[in-house]
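Each chain gets a letter, A, B and so on, in the order its sequence line appears, and its residues count up from 1. These numbers were taken from a predicted model, which means no experiment stands behind them.
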Protein chains: 2
Amino acid sequence: MTLSEEDYIKAIYHLGKGENSMVSTNEVAEQMRTKPSSVTDMIKKLSEKGVANYRKYKGVCLTEHGQKLALTLVRKHRLWEVFLVDKLNFAWDEVHEVAEQLEHIKSEKLTDRLDKLLGYPEVDPHGDPIPSKTGEFKKAVKKLLNEVPVGASGTCVGVKDSSAPFLKFLDKNKIALGDAITVLEKEEFDGSLHIEVKGKSIHISNQIAANLYLKITE
Amino acid sequence: MTLSEEDYIKAIYHLGKGENSMVSTNEVAEQMRTKPSSVTDMIKKLSEKGVANYRKYKGVCLTEHGQKLALTLVRKHRLWEVFLVDKLNFAWDEVHEVAEQLEHIKSEKLTDRLDKLLGYPEVDPHGDPIPSKTGEFKKAVKKLLNEVPVGASGTCVGVKDSSAPFLKFLDKNKIALGDAITVLEKEEFDGSLHIEVKGKSIHISNQIAANLYLKITE
DNA sequence: ACAAATATTTAGATTTGCCTAAATTTTAAT
DNA sequence: ATTAAAATTTAGGCAAATCTAAATATTTGT
Ligand SMILES: [Mn+2]
Ligand SMILES: [Mn+2]
Ligand SMILES: [Mn+2]
Ligand SMILES: [Mn+2]
């Protein structure tokens, strides 16, 4: 597969929402930042190559084979993101663009060894699950921290309230996007939470928790 | 620069032997495993882009700017080779093909952080010098081990005698291609050498030393 | 049900990188 | 100094990936 074909396969995969639903030409065009006519050409080619099923005017989805390719690409992309953050100290939001390039490097050995070097991580720095070599992985869902069950853990991926006071609070408590958070205990009385962030245990109000998004894999 | 343009720049650089001498179309074609007519097309384009000087029927060389690009590519290629060997336990002779892909990843930050992760290495696993961020590096020469001055060190890059007994000797003494070797002392009487390999000091005859190639950077 | 709006495909061009075959230039040999 | 050989360039074409504009199909609103 060429670099471009690989990016189309990933786009179709992501737009298919994990379930392998039919995706429209325009959706792919928007995702790929190209024109619909270019997409038509490409999905015809992918269809001929046996990685996609294309029905004129109806849309496109991946074949079994196409799905395997997509999972390998997603695996490589996310492993590289972990590498960039864990080993090269890139920030949470700097890694995607570089991983978009690195995911196309062709060497199964490289992928496997990288996986090992990183300690077989299960999620990338954005909290998204990393498919195993055989293509299995857990689904991720985004939840407000106050709706996460006690004992569960996830990755901090966003805020609902982005006001200065709230962001300042997060900063003071050393909570940042990309941090792993575990819910230790929930107080019945006021719904406040004891959570663990970066090894430290802190206590936050329910109101705070109601404005922090966590990505958790079940 | 596109991937292809970058590979041509590297080819012209390497064929120019470090000194920036004029390189012929046929030489580039052979190096790049393409046809001379394709090379003519490409070097015209590189010339228009200001990275090469092309004179019809006379050959091509890099401009100042082209040389800088070449050094950056060589730097990236060799850093990735060190990464593959040191961090991912690739063998000496498995890294080139993968590095040929990785060298094209565009991120200055990535290169710099990789350099740091690896401890600012000065040579790659083949004993070739790694240009610094500013493009400086030492020249490497290949010498028989018995001609290397006392105190110097280099990388084992080949054998002159490839007979079974000799290779068996190397194996028994845990000397392998890619190993760093330092000459500790030379016996006046028989020209035998005390050398350090992988932290261990061993004693070898002049005859052995006369059949082992070392790459050393001065 | 049918016109209007939207989505999709087709037709025709462009750029990049490569190829083969033919023409031209340079180099080597007599 | 010619001629033969080798190197190089030009001409013409092809496949990939993209684009614009025009044609066609589908969906939506009344
Ligand atoms: Mn990403
Ligand atoms: Mn990509
Ligand atoms: Mn190499
Ligand atoms: Mn390369």
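Applying the side-chain contact (heavy atoms from CB on, under 4.5 Å) criterion to A:N146, with sequence neighbours excluded, gives A:L144, A:N206, A:A209, A:A210.
Here C:dT8 presents its P atom at 12 Å from CD of A:E30, a figure rounded to the nearest Å. Rounded to whole Å, atom C1' of C:dT8 lies 13 Å from atom CD of A:E27. In this entry the distance linking CD1 of B:I43 with P of D:dT8 reads 9 Å, nearest Å. At whole-Å resolution of the value, CE in A:M22 and C1' in D:dT27 are 17 Å apart. Rounded to an integer number of Å, the gap from CZ of B:R33 to P of C:dC19 is 12 Å. Atom NZ of A:K35 is separated from atom P of C:dT9 by 16 Å (rounded to the nearest Å).
Across D:dT20, C:dT10, D:dT8, the shortest atom-to-atom separation from the side chain of A:K44 is found for C:dT10.
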Decide yes or no on side-chain contact (heavy atoms from CB on, under 4.5 Å) for B:R75 and B:D115, but give the supporting numbers first.
CA-CA 9 Å; B:R75 171 172 158 78; B:D115 196 14; 3.1 Å; yes

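B:E103 and B:K10 are joined by a salt bridge, as a carboxylate oxygen and a charged side-chain nitrogen come within less than 4.0 angstrom of each other. We find that B:K106 and A:E97 are not joined by a salt bridge, their nearest charged nitrogen and carboxylate oxygen being 4.0 Å or further apart.
Checking the phosphate oxygens (OP1, OP2) of C:dT6, no side-chain nitrogen or oxygen of A:N26 falls inside 4.0 Å. Regarding contacts with the backbone of D:dT18, every side-chain N or O of A:S38 stays at 4.0 angstrom or more from both OP1 and OP2.
Side chains of A:E108 and A:T111: a donor-acceptor N/O pair is absent below 3.5 angstrom, by distance only. Side chain to side chain, A:S163 and A:D161 meet the donor-acceptor criterion of an N or O pair below 3.5 Å.
A cation-pi arrangement is present between B:K109 and A:F90, with the terminal nitrogen or guanidinium carbon under 6.0 Å from the aromatic centre and inside a 45° cone about the axis.
For B:Y8 and B:Y13, the ring centers are positioned 6.0 Å apart or more.
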With 3.5 Å as the limit, what N/O pairs link the protein to nucleotides 13-16 of chain D?
none

Would you list the protein and nucleotides 2-4 of chain D atom pairs, both N or O, that sit under 3.5 Å from each other?
none

Show the distances under 3.5 angstrom between N or O atoms of the protein and N or O atoms of nucleotides 21-29 of chain C.
unit_1	atom_1	unit_2	atom_2	d
C:dT25	O4'	B:Y57	OH	3.4

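Ring pair A:F166/A:F169 is parallel by interplanar angle, where below 30° counts as parallel and above 60° as perpendicular.
Using a 4.0 Å heavy-atom distance criterion, A:T34 is classed as a sugar-phosphate-only contact. B:T25 comes within contact range of the sugar-phosphate backbone alone, with a heavy-atom separation under 4.0 Å but no base atom that close.
Listed by first then second residue, pairs satisfying ring pair (Phe, Tyr, Trp, His ring centres under 6.0 Å) with a partner in residues 116-153 of chain B read B:W92-B:H126, not counting sequence neighbours.
No side-chain donor-acceptor contact under 3.5 Å links A:S24 to the backbone of A:G59.
Near DNA chain D, defined here as any heavy-atom distance below 4.0 Å, the residues from residues 6-14 of chain A are A:Y8, listed numerically.
Open room surrounds NE2 on B:H65; 12 or fewer heavy atoms of other groups in view lie less than 6.0 Å from it. Under a cut-off of 6.0 angstrom, the local environment of NZ in B:K138 is sparse, with at most 12 non-hydrogen atoms contributed by other residues, nucleotides or ligands.
When every heavy atom of A:G127 is checked against every heavy atom of A:T155, the shortest pair comes out as CA-OG1, 3.3 Å.
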